Amino acid sequence: MKRWLILFSLLCIASLGGAIQKPTQGKVRIRLTAREDSVSNGVRQRESELEETVGDLRARLNKRKWIEVTDSEEDADIDLELLGRHEVPEKGYVLHYKIDAGAYGREDEFAYAGEAVPTGGIRTRSFDGHDNSTKGRAILRWEELAKHFADSLEEFAQSNYERIIAQR
């Protein structure tokens with residue numbers, strides 16, 4: 001019970017700290033697209049699945065404080081191209097993407113292993129005491145991965161806000 005109270009207090013403090021900060025010169029504008037004829041992790045991606053992924057991320061990003069989704073390439077501060085989405089047994093869903101944010105650009109993958117939760121599996125410990133097994137670790141569904149990816153994009157926009165706005 002005490003842990004929950006501490007966690008709740010920390011979340012309240014974090015949300016109050018985030019509520020104070022607001023983008024001073026407008027939101028960071030992001031354009032989401034899906035690459036046609038994309039191959040990710042050696043598998044040809046279905047265009048319909050990529051478009052569904054774009055739509056889901058667009059809906060999640062439209063609710064953010066620091067990000068505004070745009071369709072215009074000229075107005076976009078960040079251009080995010082989705083290259084694929086696939087499942088990996090140890091990680092769950094993995095999102096393959098290419099980001100162009102002016103001076104910062106790269107092609108990368110995003111996966112979020114989740115926290116250790118009781119799943120009935122046995123966790124093993126490595127020599128340094130850290131969890132080194134996915135047994136007993138929750139693998140996230142696509143909806144959870146999309147939420148964490150949207151969180152990550154918003155953190156990127158907030159952390160790089162001044163540089164991104166200066167490039168406009």
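For clarity, every value in this text was computed on a predicted model and none was experimentally measured. In this chain, residues are counted from 1 in sequence order.
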Engineer: Show your reasoning for whether side chain to side chain contact (heavy atoms under 4.5 Å, CB included) applies to L57 and L153.
Structural biologist: CA-CA 10 Å; L57 287 173; L153 285 172; 5.8 Å; no
Engineer: Any salt bridge between D151 and R64, counting N to O under 4.0 Å?
Structural biologist: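 Salt bridge: yes.
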Engineer: Tell me whether Q158 contacts the main-chain N or O of W66 through its side chain, where contact means a donor paired with an acceptor under 3.5 Å.
Structural biologist: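 Answer holds: no.
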Engineer: Do Y93 and E144 touch side chain to side chain, with heavy atoms closer than 4.5 Å?
Structural biologist: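 Of all side-chain heavy-atom pairs linking E144 with Y93, none is under 4.5 Å.
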Engineer: Find out whether D108 and I99 are in side-chain contact, i.e. whether some heavy atom of one side chain is under 4.5 Å from a heavy atom of the other.
Structural biologist: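 Of all side-chain heavy-atom pairs linking I99 with D108, none is under 4.5 Å.
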Engineer: Applying side chain to side chain contact (heavy atoms under 4.5 Å, CB included), run through E154 and K63 and close with a yes or a no.
Structural biologist: CA-CA 10 Å; E154 183 161 47; K63 301 173 185 174; over 6 Å; no
Engineer: Which atom names give the shortest non-hydrogen contact between A150 and R60, and what distance separates them?
Structural biologist: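 Where A150 meets R60 most closely, the heavy atoms are CB-CB, 4.1 Å.
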Engineer: What is the distance from atom CZ of R31 to atom CD of E73, rounded to the nearest 0.5 Å?
Structural biologist: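 Here the interatomic distance stands at 4.5 Å.
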Engineer: Please say whether more than 12 non-hydrogen atoms of neighbouring residues, nucleotides or ligands are located less than 6.0 Å from NZ in K27.
Structural biologist: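 Yes, NZ of K27 has more than 12 neighbouring heavy atoms, counting only those of other groups under 6.0 Å.
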Engineer: May I ask whether L80 and F110 are part of the same hydrophobic cluster, defined by side-chain heavy atoms of I, L, V, M, F, W, Y residues being less than 4.5 angstrom apart, directly or through others?
Structural biologist: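 Yes: a chain of side-chain contacts under 4.5 Å links L80 to F110.
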Engineer: I'd like to know whether CD of E36 has more than 12 heavy-atom contacts from other residues, nucleotides or ligands below 6.0 angstrom.
Structural biologist: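 No - once you tally the heavy atoms of other residues, nucleotides and ligands closer than 6.0 Å, there are 12 at most.
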Engineer: About how many Å separate CZ of R29 and CD of E74, when rounded to the nearest 0.5 Å?
Structural biologist: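 With rounding to 0.5 Å, CD (E74) is 11.0 Å from CZ (R29).
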Engineer: Heavy atoms only: give me the nearest V94-A111 pair and the separation to one decimal.
Structural biologist: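 Scanning both residues, the minimum pair turns out to be CG2-CB, 4.0 Å.
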Engineer: What's the spacing between T33 OG1 and L83 CG if we round to 0.5 Å?
Structural biologist: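 Reported to 0.5 Å precision, the distance equals 8.5 Å.
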Engineer: How many angstroms lie between atom NZ of K147 and atom OG of S152, to the nearest 0.5 angstrom?
Structural biologist: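 One gets 11.5 Å once the value is rounded to the nearest 0.5 Å.
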Engineer: Which of these, T70, V54, T53, sits in a side chain to side chain contact (heavy atoms under 4.5 Å, CB included) with L32?
Structural biologist: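 That would be V54.
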Engineer: For the residue pair F156 and Y104, categorise the inter-ring angle as parallel (less than 30°), tilted (30 to 60°) or perpendicular (more than 60°).
Structural biologist: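 Ring orientation of F156 relative to Y104: tilted.
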Engineer: What is the distance from atom CZ of R168 to atom CD1 of I165, rounded to the nearest 0.5 Å?
Structural biologist: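 With rounding to 0.5 Å, CZ (R168) is 3.5 Å from CD1 (I165).
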Engineer: Between atom NE2 of H96 and atom CD of E81, what is the distance when rounded to the nearest 0.5 Å?
Structural biologist: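 If I round to the nearest 0.5 Å, the distance is 9.5 Å.
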Engineer: Taking Q167 for its side chain and D77 for its backbone only, find out whether a donor-acceptor pair lies under 3.5 Å.
Structural biologist: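 Judged by distance alone, no pair lies under 3.5 Å.
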Engineer: Has D100 got a side-chain atom pairing as donor or acceptor with G102's backbone, closer than 3.5 angstrom?
Structural biologist: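 Side chain of D100 to backbone of G102, a donor-acceptor pair under 3.5 Å: yes, one is there.
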Engineer: Tell me, do E52 and D56 make a side-chain contact under 4.5 Å, heavy atoms counted?
Structural biologist: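 Answer no - side chains too far apart.
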Engineer: Return the minimal non-hydrogen interatomic distance between Y161 and G26, and the atom names on each side.
Structural biologist: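 Closest pair (atom of Y161, atom of G26, distance): OH-O, 2.6 Å.
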